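Take a look at the structure below.
As a basis for the values below, the full set of heavy atoms in this structure was taken, side chains included, without hydrogen atoms, waters or symmetry mates. Computed from a predicted model, the values in this text were never measured in an experiment. Order of the sequence lines fixes the chain letters, A, B, ..., with proteins taken first and strands second; residue numbering starts at 1 for each chain.
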Protein chains: 4
Amino acid sequence: MIIEVDFSGDIPIYTQVRDQIVIGIASGQLLPGEALPSVRRLAADIGINVHTVNKAYAILRDEGFVKMDRRSGAKIAAMTKEDGPFAEQLKSRLCPYIAEAICRQMEREDFQDIVASLFNQLENTGGKK
Amino acid sequence: MIIEVDFSGDIPIYTQVRDQIVIGIASGQLLPGEALPSVRRLAADIGINVHTVNKAYAILRDEGFVKMDRRSGAKIAAMTKEDGPFAEQLKSRLCPYIAEAICRQMEREDFQDIVASLFNQLENTGGKK
Amino acid sequence: MIIEVDFSGDIPIYTQVRDQIVIGIASGQLLPGEALPSVRRLAADIGINVHTVNKAYAILRDEGFVKMDRRSGAKIAAMTKEDGPFAEQLKSRLCPYIAEAICRQMEREDFQDIVASLFNQLENTGGKK
Amino acid sequence: MIIEVDFSGDIPIYTQVRDQIVIGIASGQLLPGEALPSVRRLAADIGINVHTVNKAYAILRDEGFVKMDRRSGAKIAAMTKEDGPFAEQLKSRLCPYIAEAICRQMEREDFQDIVASLFNQLENTGGKK
DNA sequence: GTGGTCTAGACCACG
DNA sequence: GTGGTCTAGACCACC
(Lines give C-alpha, C1' and ligand atoms only; values in the text may rest on other atoms or scores of the structure.)
Protein backbone atom coordinates (compact mmCIF):
# COMPACT_ATOMS: atom_id res chain seq x y z
CA MET A 1 0.00 0.00 0.00
CA ILE A 2 1.38 3.34 -1.07
CA ILE A 3 1.19 6.45 1.04
CA GLU A 4 1.67 9.83 -0.52
CA VAL A 5 1.61 13.21 1.13
CA ASP A 6 1.10 16.71 -0.13
CA PHE A 7 3.74 18.97 1.37
CA SER A 8 2.21 22.16 0.01
CA GLY A 9 -1.34 21.79 1.32
CA ASP A 10 -2.38 22.98 4.76
CA ILE A 11 -3.29 19.58 6.13
CA PRO A 12 -0.61 18.48 8.61
CA ILE A 13 1.50 15.64 7.26
CA TYR A 14 0.80 13.42 10.26
CA THR A 15 -2.92 13.88 9.60
CA GLN A 16 -2.49 12.89 5.97
CA VAL A 17 -0.61 9.77 7.00
CA ARG A 18 -3.28 8.95 9.58
CA ASP A 19 -6.07 9.48 7.04
CA GLN A 20 -4.48 7.33 4.38
CA ILE A 21 -3.96 4.48 6.77
CA VAL A 22 -7.59 4.69 7.87
CA ILE A 23 -8.59 4.65 4.21
CA GLY A 24 -6.33 1.66 3.70
CA ILE A 25 -8.09 -0.18 6.52
CA ALA A 26 -11.56 0.77 5.25
CA SER A 27 -10.75 -0.43 1.75
CA GLY A 28 -9.37 -3.73 2.93
CA GLN A 29 -5.85 -3.03 1.76
CA LEU A 30 -4.78 -3.27 5.38
CA LEU A 31 -6.27 -6.21 7.26
CA PRO A 32 -6.67 -6.66 11.04
CA GLY A 33 -3.53 -8.18 12.50
CA GLU A 34 -1.41 -6.97 9.65
CA ALA A 35 1.79 -5.16 10.63
CA LEU A 36 2.39 -1.57 9.59
CA PRO A 37 5.86 -0.63 8.42
CA SER A 38 8.16 0.56 11.19
CA VAL A 39 8.20 4.28 11.82
CA ARG A 40 11.73 4.51 10.45
CA ARG A 41 10.86 2.58 7.35
CA LEU A 42 7.73 4.52 6.52
CA ALA A 43 9.45 7.81 7.25
CA ALA A 44 12.20 6.90 4.82
CA ASP A 45 9.73 5.73 2.19
CA ILE A 46 7.64 8.90 2.31
CA GLY A 47 10.61 11.15 2.81
CA ILE A 48 9.50 12.68 6.09
CA ASN A 49 10.79 12.75 9.62
CA VAL A 50 10.52 9.78 11.95
CA HIS A 51 8.72 11.85 14.58
CA THR A 52 6.00 12.81 12.14
CA VAL A 53 5.21 9.17 11.43
CA ASN A 54 5.44 8.49 15.13
CA LYS A 55 2.76 11.06 15.83
CA ALA A 56 0.49 9.60 13.16
CA TYR A 57 0.88 6.13 14.69
CA ALA A 58 0.24 7.48 18.19
CA ILE A 59 -3.00 9.07 17.01
CA LEU A 60 -4.09 5.87 15.28
CA ARG A 61 -3.37 4.01 18.50
CA ASP A 62 -5.36 6.50 20.60
CA GLU A 63 -8.25 6.23 18.15
CA GLY A 64 -8.17 2.44 18.35
CA PHE A 65 -7.17 1.74 14.74
CA VAL A 66 -3.85 0.14 15.55
CA LYS A 67 -2.28 -1.59 18.50
CA MET A 68 1.32 -1.07 19.40
CA ASP A 69 3.04 -4.37 20.02
CA ARG A 70 6.17 -3.98 22.11
CA ARG A 71 7.83 -6.75 20.19
CA SER A 72 7.16 -5.87 16.61
CA GLY A 73 5.86 -2.39 16.07
CA ALA A 74 2.32 -1.51 15.06
CA LYS A 75 -0.48 -3.85 13.99
CA ILE A 76 -3.93 -3.12 12.60
CA ALA A 77 -6.48 -3.65 15.37
CA ALA A 78 -9.77 -5.48 15.12
CA MET A 79 -12.35 -2.80 15.76
CA THR A 80 -15.55 -3.24 17.68
CA LYS A 81 -18.75 -1.56 16.62
CA GLU A 82 -19.28 1.28 19.05
CA ASP A 83 -20.49 4.19 17.04
CA GLY A 84 -22.25 6.17 19.72
CA PRO A 85 -19.62 8.83 20.35
CA PHE A 86 -18.41 8.60 16.77
CA ALA A 87 -21.86 9.41 15.39
CA GLU A 88 -22.08 12.49 17.59
CA GLN A 89 -18.73 13.83 16.53
CA LEU A 90 -19.49 12.98 12.92
CA LYS A 91 -22.62 15.05 13.08
CA SER A 92 -20.82 18.13 14.31
CA ARG A 93 -18.08 17.76 11.72
CA LEU A 94 -20.47 17.18 8.85
CA CYS A 95 -22.73 20.08 9.73
CA PRO A 96 -20.62 22.87 8.16
CA TYR A 97 -20.26 20.92 4.93
CA ILE A 98 -23.99 20.37 4.63
CA ALA A 99 -24.65 23.99 5.44
CA GLU A 100 -22.28 24.99 2.66
CA ALA A 101 -23.94 22.53 0.28
CA ILE A 102 -27.33 24.09 0.98
CA CYS A 103 -25.93 27.58 0.43
CA ARG A 104 -24.47 26.50 -2.89
CA GLN A 105 -27.84 25.02 -3.85
CA MET A 106 -26.56 21.48 -4.09
CA GLU A 107 -29.47 19.04 -4.04
CA ARG A 108 -29.70 16.71 -1.11
CA GLU A 109 -29.65 13.78 -3.54
CA ASP A 110 -26.38 14.97 -5.06
CA PHE A 111 -24.81 15.09 -1.63
CA GLN A 112 -26.04 11.60 -0.84
CA ASP A 113 -24.73 10.41 -4.20
CA ILE A 114 -21.26 11.64 -3.29
CA VAL A 115 -21.48 9.81 0.01
CA ALA A 116 -22.68 6.66 -1.74
CA SER A 117 -19.94 6.84 -4.36
CA LEU A 118 -17.30 7.11 -1.67
CA PHE A 119 -18.74 4.13 0.16
CA ASN A 120 -18.68 2.16 -3.08
CA GLN A 121 -15.20 3.25 -3.93
CA LEU A 122 -13.83 2.19 -0.55
CA GLU A 123 -15.81 -0.99 -0.10
CA ASN A 124 -15.07 -2.29 -3.57
CA THR A 125 -11.37 -1.65 -3.68
CA GLY A 126 -11.34 -5.33 -2.96
CA GLY A 127 -9.59 -7.43 -0.39
CA LYS A 128 -5.90 -7.62 0.16
CA LYS A 129 -3.90 -6.02 -2.67
CA MET B 1 -28.65 35.04 15.58
CA ILE B 2 -26.28 33.92 18.29
CA ILE B 3 -22.70 32.90 17.66
CA GLU B 4 -20.84 30.88 20.23
CA VAL B 5 -17.25 29.72 20.14
CA ASP B 6 -15.30 27.05 21.96
CA PHE B 7 -11.97 28.42 23.09
CA SER B 8 -10.60 25.03 23.93
CA GLY B 9 -10.83 22.47 21.15
CA ASP B 10 -8.69 22.48 18.05
CA ILE B 11 -10.89 24.33 15.60
CA PRO B 12 -9.60 27.87 15.03
CA ILE B 13 -11.97 30.54 16.28
CA TYR B 14 -12.17 32.26 12.90
CA THR B 15 -13.25 28.95 11.38
CA GLN B 16 -15.93 28.53 14.01
CA VAL B 17 -17.26 32.01 13.27
CA ARG B 18 -17.17 31.32 9.53
CA ASP B 19 -18.95 27.98 9.99
CA GLN B 20 -21.70 29.40 12.14
CA ILE B 21 -22.42 32.18 9.70
CA VAL B 22 -22.61 29.66 6.86
CA ILE B 23 -24.98 27.61 9.00
CA GLY B 24 -27.01 30.76 9.62
CA ILE B 25 -27.30 31.34 5.89
CA ALA B 26 -28.21 27.75 5.15
CA SER B 27 -30.93 27.75 7.79
CA GLY B 28 -32.43 30.99 6.56
CA GLN B 29 -31.60 32.91 9.71
CA LEU B 30 -29.45 35.16 7.56
CA LEU B 31 -31.05 36.21 4.27
CA PRO B 32 -29.39 37.48 1.09
CA GLY B 33 -28.88 41.22 1.29
CA GLU B 34 -28.98 41.24 5.06
CA ALA B 35 -26.14 43.04 6.81
CA LEU B 36 -23.79 41.23 9.16
CA PRO B 37 -22.86 42.99 12.39
CA SER B 38 -19.79 45.17 12.15
CA VAL B 39 -16.44 43.55 12.84
CA ARG B 40 -16.04 45.48 16.08
CA ARG B 41 -19.54 44.75 17.24
CA LEU B 42 -19.35 41.02 16.64
CA ALA B 43 -15.90 40.83 18.21
CA ALA B 44 -17.20 42.54 21.33
CA ASP B 45 -20.30 40.34 21.47
CA ILE B 46 -18.38 37.10 21.27
CA GLY B 47 -15.48 38.35 23.33
CA ILE B 48 -12.77 37.73 20.76
CA ASN B 49 -10.20 39.78 18.92
CA VAL B 50 -11.23 42.09 16.09
CA HIS B 51 -8.60 40.55 13.81
CA THR B 52 -10.23 37.17 14.26
CA VAL B 53 -13.63 38.36 13.08
CA ASN B 54 -11.95 40.21 10.26
CA LYS B 55 -10.34 37.00 9.08
CA ALA B 56 -13.62 35.12 9.23
CA TYR B 57 -15.34 37.81 7.14
CA ALA B 58 -12.48 37.82 4.63
CA ILE B 59 -12.80 34.07 4.18
CA LEU B 60 -16.56 34.31 3.74
CA ARG B 61 -15.98 36.96 1.11
CA ASP B 62 -13.37 34.84 -0.70
CA GLU B 63 -15.77 31.91 -0.65
CA GLY B 64 -18.59 34.03 -2.04
CA PHE B 65 -20.89 33.95 0.98
CA VAL B 66 -20.78 37.65 1.70
CA LYS B 67 -20.00 40.85 -0.14
CA MET B 68 -17.89 43.48 1.54
CA ASP B 69 -18.81 47.10 1.09
CA ARG B 70 -16.42 49.70 2.40
CA ARG B 71 -19.29 51.93 3.49
CA SER B 72 -21.94 49.63 4.77
CA GLY B 73 -19.91 46.66 5.98
CA ALA B 74 -20.66 43.06 5.07
CA LYS B 75 -23.84 41.78 3.46
CA ILE B 76 -25.00 38.25 2.74
CA ALA B 77 -24.54 37.55 -0.97
CA ALA B 78 -26.97 35.87 -3.31
CA MET B 79 -25.23 32.66 -4.33
CA THR B 80 -25.29 31.06 -7.73
CA LYS B 81 -25.38 27.32 -8.24
CA GLU B 82 -21.96 26.17 -9.35
CA ASP B 83 -21.25 23.00 -7.55
CA GLY B 84 -18.57 21.57 -9.80
CA PRO B 85 -15.44 22.53 -7.85
CA PHE B 86 -17.33 22.34 -4.56
CA ALA B 87 -18.38 18.77 -5.22
CA GLU B 88 -14.79 17.78 -5.89
CA GLN B 89 -13.51 19.40 -2.75
CA LEU B 90 -16.36 17.93 -0.76
CA LYS B 91 -15.47 14.48 -1.92
CA SER B 92 -11.88 14.70 -0.75
CA ARG B 93 -12.92 16.14 2.61
CA LEU B 94 -15.63 13.56 3.18
CA CYS B 95 -13.44 10.62 2.28
CA PRO B 96 -11.61 10.27 5.63
CA TYR B 97 -14.88 10.41 7.54
CA ILE B 98 -16.46 7.71 5.43
CA ALA B 99 -13.35 5.60 5.74
CA GLU B 100 -13.53 5.92 9.51
CA ALA B 101 -17.25 5.09 9.44
CA ILE B 102 -16.51 1.89 7.55
CA CYS B 103 -13.73 0.98 9.98
CA ARG B 104 -16.11 1.51 12.90
CA GLN B 105 -18.68 -0.67 11.16
CA MET B 106 -21.25 2.04 10.80
CA GLU B 107 -23.88 1.07 8.22
CA ARG B 108 -24.09 3.14 5.08
CA GLU B 109 -27.72 3.83 5.90
CA ASP B 110 -26.83 5.20 9.32
CA PHE B 111 -24.35 7.58 7.74
CA GLN B 112 -26.92 8.73 5.22
CA ASP B 113 -29.46 9.13 7.98
CA ILE B 114 -27.13 11.51 9.75
CA VAL B 115 -26.72 13.48 6.55
CA ALA B 116 -30.47 13.57 6.03
CA SER B 117 -31.16 14.66 9.59
CA LEU B 118 -28.69 17.52 9.23
CA PHE B 119 -30.35 18.60 5.99
CA ASN B 120 -33.73 18.55 7.71
CA GLN B 121 -32.45 20.37 10.73
CA LEU B 122 -30.99 23.18 8.65
CA GLU B 123 -33.72 23.47 6.07
CA ASN B 124 -36.52 23.50 8.62
CA THR B 125 -35.09 25.98 11.08
CA GLY B 126 -37.55 28.25 9.37
CA GLY B 127 -37.25 31.61 7.76
CA LYS B 128 -35.98 34.78 9.24
CA LYS B 129 -35.41 34.78 12.98
CA MET C 1 4.52 26.86 42.75
CA ILE C 2 7.92 25.35 42.20
CA ILE C 3 8.53 22.40 39.94
CA GLU C 4 11.69 20.41 40.25
CA VAL C 5 12.80 17.44 38.22
CA ASP C 6 15.30 14.69 38.79
CA PHE C 7 17.38 14.23 35.67
CA SER C 8 19.16 11.13 36.95
CA GLY C 9 16.13 9.00 37.87
CA ASP C 10 14.42 6.74 35.42
CA ILE C 11 11.07 8.52 35.49
CA PRO C 12 10.61 10.49 32.25
CA ILE C 13 10.87 14.22 32.79
CA TYR C 14 7.49 14.88 31.22
CA THR C 15 5.96 12.42 33.68
CA GLN C 16 7.60 14.20 36.60
CA VAL C 17 6.24 17.52 35.39
CA ARG C 18 2.80 16.00 34.92
CA ASP C 19 2.88 14.43 38.39
CA GLN C 20 3.95 17.61 40.14
CA ILE C 21 1.22 19.63 38.51
CA VAL C 22 -1.34 17.03 39.55
CA ILE C 23 0.04 17.21 43.08
CA GLY C 24 -0.18 21.00 42.88
CA ILE C 25 -3.85 20.75 41.94
CA ALA C 26 -4.59 18.20 44.66
CA SER C 27 -2.94 20.33 47.31
CA GLY C 28 -4.79 23.47 46.30
CA GLN C 29 -1.66 25.29 45.17
CA LEU C 30 -3.17 25.39 41.71
CA LEU C 31 -6.83 26.36 41.60
CA PRO C 32 -9.40 25.67 38.86
CA GLY C 33 -9.31 28.43 36.26
CA GLU C 34 -5.78 29.39 37.14
CA ALA C 35 -3.36 29.69 34.24
CA LEU C 36 -0.30 27.52 34.01
CA PRO C 37 2.93 29.12 32.86
CA SER C 38 3.49 29.01 29.11
CA VAL C 39 5.42 26.06 27.80
CA ARG C 40 8.34 28.29 26.93
CA ARG C 41 8.39 29.91 30.34
CA LEU C 42 8.16 26.69 32.31
CA ALA C 43 10.76 25.04 30.09
CA ALA C 44 13.14 27.91 30.75
CA ASP C 45 12.44 27.87 34.50
CA ILE C 46 13.07 24.16 34.88
CA GLY C 47 15.89 24.09 32.38
CA ILE C 48 14.37 21.57 30.02
CA ASN C 49 13.23 21.57 26.42
CA VAL C 50 10.01 23.20 25.29
CA HIS C 51 8.79 19.97 23.72
CA THR C 52 9.11 18.10 26.98
CA VAL C 53 6.84 20.57 28.74
CA ASN C 54 4.54 20.47 25.75
CA LYS C 55 4.16 16.72 26.10
CA ALA C 56 3.42 17.03 29.82
CA TYR C 57 0.72 19.61 29.10
CA ALA C 58 -0.75 17.46 26.31
CA ILE C 59 -1.04 14.52 28.71
CA LEU C 60 -2.65 16.69 31.38
CA ARG C 61 -5.11 17.88 28.76
CA ASP C 62 -5.91 14.33 27.63
CA GLU C 63 -6.43 13.31 31.24
CA GLY C 64 -8.77 16.22 31.85
CA PHE C 65 -6.65 18.12 34.36
CA VAL C 66 -6.13 21.19 32.23
CA LYS C 67 -7.88 22.85 29.33
CA MET C 68 -5.95 24.43 26.54
CA ASP C 69 -7.30 27.88 25.77
CA ARG C 70 -6.40 29.04 22.29
CA ARG C 71 -6.04 32.57 23.53
CA SER C 72 -3.94 32.25 26.59
CA GLY C 73 -2.28 28.90 27.04
CA ALA C 74 -3.27 26.28 29.59
CA LYS C 75 -5.70 26.63 32.49
CA ILE C 76 -6.52 24.27 35.36
CA ALA C 77 -9.84 22.57 34.59
CA ALA C 78 -12.71 22.03 36.98
CA MET C 79 -12.94 18.27 37.30
CA THR C 80 -16.10 16.28 37.57
CA LYS C 81 -16.40 13.26 39.82
CA GLU C 82 -16.31 10.27 37.55
CA ASP C 83 -14.14 7.72 39.23
CA GLY C 84 -15.42 4.57 37.60
CA PRO C 85 -12.63 3.99 35.09
CA PHE C 86 -10.11 5.62 37.40
CA ALA C 87 -10.90 3.22 40.22
CA GLU C 88 -10.36 0.26 37.90
CA GLN C 89 -7.01 1.45 36.68
CA LEU C 90 -6.00 2.42 40.19
CA LYS C 91 -6.68 -1.11 41.33
CA SER C 92 -4.44 -2.65 38.71
CA ARG C 93 -1.66 -0.17 39.39
CA LEU C 94 -1.85 -0.59 43.15
CA CYS C 95 -1.89 -4.37 43.04
CA PRO C 96 1.86 -4.92 42.59
CA TYR C 97 2.69 -2.54 45.44
CA ILE C 98 0.33 -4.30 47.80
CA ALA C 99 1.68 -7.65 46.75
CA GLU C 100 5.18 -6.45 47.51
CA ALA C 101 4.03 -5.05 50.86
CA ILE C 102 2.61 -8.44 51.79
CA CYS C 103 5.82 -10.18 50.74
CA ARG C 104 7.83 -7.78 52.89
CA GLN C 105 5.48 -8.47 55.79
CA MET C 106 4.23 -4.95 56.06
CA GLU C 107 1.04 -4.83 58.08
CA ARG C 108 -2.11 -3.76 56.30
CA GLU C 109 -2.52 -0.97 58.85
CA ASP C 110 0.95 0.37 58.09
CA PHE C 111 0.11 0.54 54.41
CA GLN C 112 -3.15 2.33 55.13
CA ASP C 113 -1.33 4.71 57.45
CA ILE C 114 0.96 5.69 54.60
CA VAL C 115 -2.06 6.31 52.40
CA ALA C 116 -3.70 8.36 55.13
CA SER C 117 -0.58 10.41 55.76
CA LEU C 118 -0.33 11.24 52.06
CA PHE C 119 -3.97 12.30 51.99
CA ASN C 120 -3.36 14.52 55.01
CA GLN C 121 -0.20 15.96 53.57
CA LEU C 122 -1.90 16.91 50.31
CA GLU C 123 -5.21 18.08 51.70
CA ASN C 124 -3.65 20.25 54.38
CA THR C 125 -1.04 22.01 52.31
CA GLY C 126 -3.63 24.73 52.47
CA GLY C 127 -5.26 26.91 49.90
CA LYS C 128 -3.51 29.11 47.42
CA LYS C 129 0.21 29.58 48.14
CA MET D 1 0.43 -20.63 38.39
CA ILE D 2 -0.30 -18.92 35.12
CA ILE D 3 1.52 -15.84 33.89
CA GLU D 4 -0.01 -13.69 31.22
CA VAL D 5 1.43 -10.63 29.59
CA ASP D 6 -0.02 -7.76 27.61
CA PHE D 7 2.12 -7.05 24.57
CA SER D 8 0.41 -3.79 23.89
CA GLY D 9 0.28 -1.38 26.80
CA ASP D 10 3.23 0.54 28.14
CA ILE D 11 4.39 -1.71 30.95
CA PRO D 12 7.59 -3.52 29.96
CA ILE D 13 7.12 -7.25 29.67
CA TYR D 14 9.88 -8.03 32.14
CA THR D 15 8.09 -5.80 34.66
CA GLN D 16 4.84 -7.65 34.09
CA VAL D 17 6.57 -10.98 34.69
CA ARG D 18 8.24 -9.64 37.81
CA ASP D 19 4.93 -8.22 39.09
CA GLN D 20 3.01 -11.42 38.56
CA ILE D 21 5.59 -13.49 40.35
CA VAL D 22 5.52 -11.09 43.29
CA ILE D 23 1.74 -11.39 43.28
CA GLY D 24 2.11 -15.16 43.20
CA ILE D 25 4.32 -15.01 46.28
CA ALA D 26 2.01 -12.63 48.12
CA SER D 27 -1.00 -14.81 47.44
CA GLY D 28 0.73 -17.98 48.58
CA GLN D 29 0.65 -19.60 45.17
CA LEU D 30 4.43 -19.59 45.30
CA LEU D 31 5.90 -20.70 48.62
CA PRO D 32 9.38 -20.03 50.04
CA GLY D 33 11.82 -22.65 48.81
CA GLU D 34 9.70 -23.49 45.81
CA ALA D 35 11.50 -23.53 42.46
CA LEU D 36 10.50 -21.20 39.66
CA PRO D 37 10.34 -22.64 36.14
CA SER D 38 13.58 -22.42 34.22
CA VAL D 39 14.18 -19.31 32.17
CA ARG D 40 13.81 -21.23 28.92
CA ARG D 41 10.69 -23.00 30.03
CA LEU D 42 8.89 -19.87 31.20
CA ALA D 43 9.94 -17.98 28.08
CA ALA D 44 8.52 -20.72 25.90
CA ASP D 45 5.29 -20.92 27.93
CA ILE D 46 4.59 -17.22 27.71
CA GLY D 47 5.93 -16.87 24.20
CA ILE D 48 8.55 -14.22 24.95
CA ASN D 49 12.27 -13.87 24.63
CA VAL D 50 14.58 -15.69 27.02
CA HIS D 51 16.43 -12.47 27.76
CA THR D 52 13.21 -10.91 28.98
CA VAL D 53 12.58 -13.65 31.53
CA ASN D 54 16.21 -13.49 32.51
CA LYS D 55 15.89 -9.81 33.27
CA ALA D 56 12.75 -10.36 35.34
CA TYR D 57 14.49 -13.04 37.41
CA ALA D 58 17.54 -10.83 37.90
CA ILE D 59 15.36 -8.03 39.21
CA LEU D 60 13.53 -10.39 41.56
CA ARG D 61 16.91 -11.56 42.83
CA ASP D 62 18.15 -7.99 43.35
CA GLU D 63 14.95 -7.17 45.24
CA GLY D 64 15.33 -10.20 47.44
CA PHE D 65 12.30 -12.14 46.25
CA VAL D 66 14.19 -15.09 44.82
CA LYS D 67 17.56 -16.72 45.23
CA MET D 68 19.45 -17.84 42.16
CA ASP D 69 21.30 -21.08 42.28
CA ARG D 70 23.57 -21.94 39.39
CA ARG D 71 22.63 -25.60 39.60
CA SER D 72 18.99 -25.67 40.44
CA GLY D 73 17.75 -22.40 39.00
CA ALA D 74 15.65 -19.87 40.89
CA LYS D 75 13.91 -20.49 44.20
CA ILE D 76 11.52 -18.33 46.16
CA ALA D 77 13.39 -16.74 49.07
CA ALA D 78 12.23 -16.43 52.65
CA MET D 79 11.89 -12.70 53.21
CA THR D 80 12.73 -10.80 56.35
CA LYS D 81 10.71 -7.88 57.58
CA GLU D 82 12.61 -4.69 56.85
CA ASP D 83 10.13 -2.19 55.67
CA GLY D 84 12.05 1.00 56.33
CA PRO D 85 13.40 1.73 52.86
CA PHE D 86 10.40 0.07 51.24
CA ALA D 87 7.99 2.35 53.10
CA GLU D 88 9.86 5.41 51.91
CA GLN D 89 9.88 4.28 48.31
CA LEU D 90 6.24 3.29 48.55
CA LYS D 91 5.31 6.74 49.75
CA SER D 92 6.90 8.48 46.79
CA ARG D 93 5.32 6.06 44.32
CA LEU D 94 1.88 6.29 45.88
CA CYS D 95 1.89 10.07 46.05
CA PRO D 96 0.90 10.77 42.40
CA TYR D 97 -1.95 8.28 42.59
CA ILE D 98 -3.35 9.84 45.73
CA ALA D 99 -2.99 13.29 44.23
CA GLU D 100 -4.95 12.13 41.20
CA ALA D 101 -7.57 10.55 43.44
CA ILE D 102 -8.06 13.85 45.26
CA CYS D 103 -8.33 15.73 41.96
CA ARG D 104 -10.96 13.28 40.78
CA GLN D 105 -12.85 13.75 44.04
CA MET D 106 -12.51 10.18 45.15
CA GLU D 107 -13.23 9.88 48.86
CA ARG D 108 -10.38 8.81 51.10
CA GLU D 109 -12.54 5.91 52.29
CA ASP D 110 -13.04 4.68 48.73
CA PHE D 111 -9.30 4.66 48.20
CA GLN D 112 -8.76 2.74 51.42
CA ASP D 113 -11.50 0.32 50.40
CA ILE D 114 -9.63 -0.44 47.21
CA VAL D 115 -6.46 -1.05 49.20
CA ALA D 116 -8.33 -3.29 51.61
CA SER D 117 -10.01 -5.25 48.85
CA LEU D 118 -6.63 -5.89 47.21
CA PHE D 119 -5.19 -7.06 50.52
CA ASN D 120 -8.13 -9.41 50.97
CA GLN D 121 -7.94 -10.66 47.44
CA LEU D 122 -4.25 -11.51 47.75
CA GLU D 123 -4.27 -12.88 51.29
CA ASN D 124 -7.27 -15.11 50.72
CA THR D 125 -6.31 -16.66 47.42
CA GLY D 126 -5.45 -19.54 49.67
CA GLY D 127 -2.38 -21.62 50.16
CA LYS D 128 -0.54 -23.65 47.62
CA LYS D 129 -2.35 -24.04 44.32
C1' DG E 1 15.90 -4.26 15.16
C1' DT E 2 11.79 -1.77 17.43
C1' DG E 3 9.61 2.43 19.59
C1' DG E 4 10.31 6.05 23.42
C1' DT E 5 12.63 10.09 25.23
C1' DC E 6 15.02 14.30 25.06
C1' DT E 7 17.21 17.99 22.89
C1' DA E 8 17.64 21.88 19.51
C1' DG E 9 16.12 25.05 16.27
C1' DA E 10 13.02 26.68 12.65
C1' DC E 11 8.62 28.12 10.85
C1' DC E 12 3.74 28.85 10.99
C1' DA E 13 -1.13 29.56 12.70
C1' DC E 14 -3.58 31.93 15.93
C1' DG E 15 -5.14 35.79 18.54
C1' DG F 1 3.49 35.96 22.54
C1' DT F 2 0.90 31.62 22.48
C1' DG F 3 0.88 26.70 21.09
C1' DG F 4 1.34 23.55 16.85
C1' DT F 5 4.16 21.47 13.30
C1' DC F 6 8.20 19.69 11.25
C1' DT F 7 12.87 18.63 11.03
C1' DA F 8 17.32 16.59 12.76
C1' DG F 9 20.12 13.96 15.54
C1' DA F 10 21.26 11.64 19.84
C1' DC F 11 20.61 8.18 23.39
C1' DC F 12 18.10 4.65 25.73
C1' DA F 13 14.79 0.77 26.88
C1' DC F 14 13.05 -3.17 25.17
C1' DC F 15 13.00 -7.51 22.78
With respect to the side chain of [X], which nucleotide from [options] is positioned closest?
X	options	value
B/T52	E/dG3, E/dG15, E/dT7	E/dG15
C/R61	F/dG4, F/dC15, E/dG4	F/dG4
A/N49	F/dT7, E/dG15, F/dC14	F/dT7
A/K55	F/dC15, F/dT5, E/dC14	F/dT5
A/R40	E/dG4, F/dC15, E/dC14	E/dG4
C/N54	F/dC15, F/dT5, F/dC6	F/dT5
A/I48	E/dC14, F/dT7, F/dC15	F/dT7
B/P12	E/dT7, E/dC14, E/dG3	E/dC14

To the nearest angstrom, how far is [X] atom [atom1] from [N] atom [atom2]?
X	N	atom1	atom2	value
A/D62	E/dG4	CG	P	11 Å
A/M68	F/dA13	CE	C1'	15 Å
A/R71	E/dG4	CZ	P	15 Å
C/K67	F/dG3	NZ	P	17 Å
B/F7	E/dG15	CZ	P	9 Å
A/K75	E/dT2	NZ	C1'	12 Å
B/I13	F/dT2	CD1	P	16 Å
D/R18	F/dC14	CZ	C1'	18 Å

message = If the test is side-chain contact (heavy atoms from CB on, under 4.5 Å), which one of B/I11, B/I46, B/T52 qualifies with B/Q16?
response = B/I11
query = Which part of the nucleic acid does A/Y57 contact within heavy-atom distance under 4.0 Å: base, sugar-phosphate only, or nothing?
reply = nothing
request  = Could you tell me whether C/E100 and D/R18 make a salt bridge, using a distance below 4.0 angstrom between a side-chain N and a carboxylate O?
outcome  = yes
inquiry  = Is there a side-chain contact between C/S38 and the phosphate of F/dT2, meaning an N or O under 4.0 Å from OP1 or OP2?
reply    = yes
query = Closer than 4.0 Å, any side-chain N/O of C/Y14 to the OP1 or OP2 of E/dC6?
reply = no
ask   = Between A/V39 and C/R70, which is nearer to the 5' end of DNA chain E once each is assigned its nearest nucleotide?
value = A/V39
ask   = Taking the side chain from A/R70 and the backbone from D/G9, do they hold a donor-acceptor pair closer than 3.5 Å?
value = yes
key: Donor-acceptor pair present, A/H51 side chain and F/dG9 base, under 3.5 Å   = yes
message = Need to verify one output field. Residue with the more 5' nearest nucleotide on DNA chain F, D/T15 or A/I11?
response = A/I11
Whichever of A/G47 and C/R41 has its nearest DNA chain F nucleotide further upstream toward 5' = C/R41
task = Kindly indicate whether the side chain of A/I48, heavy atoms from C-beta on, has any atom under 4.5 Å from the side chain of A/F7.
result = yes
query = Step by step, would you call B/Y97 with A/L118 a side chain to side chain contact (heavy atoms under 4.5 Å, CB included)?
reply = CA-CA 10 Å; B/Y97 296 140; A/L118 284 167; over 6 Å; no
message = If you count every heavy atom of other residues, nucleotides or ligands that lies below 6.0 Å from D/R40 atom CZ, does the total exceed 12?
response = no
inquiry  = Taking CG in D/D69 as the centre, count heavy atoms belonging to other residues, nucleotides or ligands within less than 6.0 Å. Is the count above 12?
reply    = yes
remark   = Annotated structure of DNA chain F as dot-bracket, pair cut-off 3.5 Å, Watson-Crick or G-U only, | for inter-strand, is ||||||||||||||.
ask   = When rounded to the nearest 0.5 angstrom, what distance separates CD in D/Q20 from CD1 in D/I2?
value = 10.0 Å
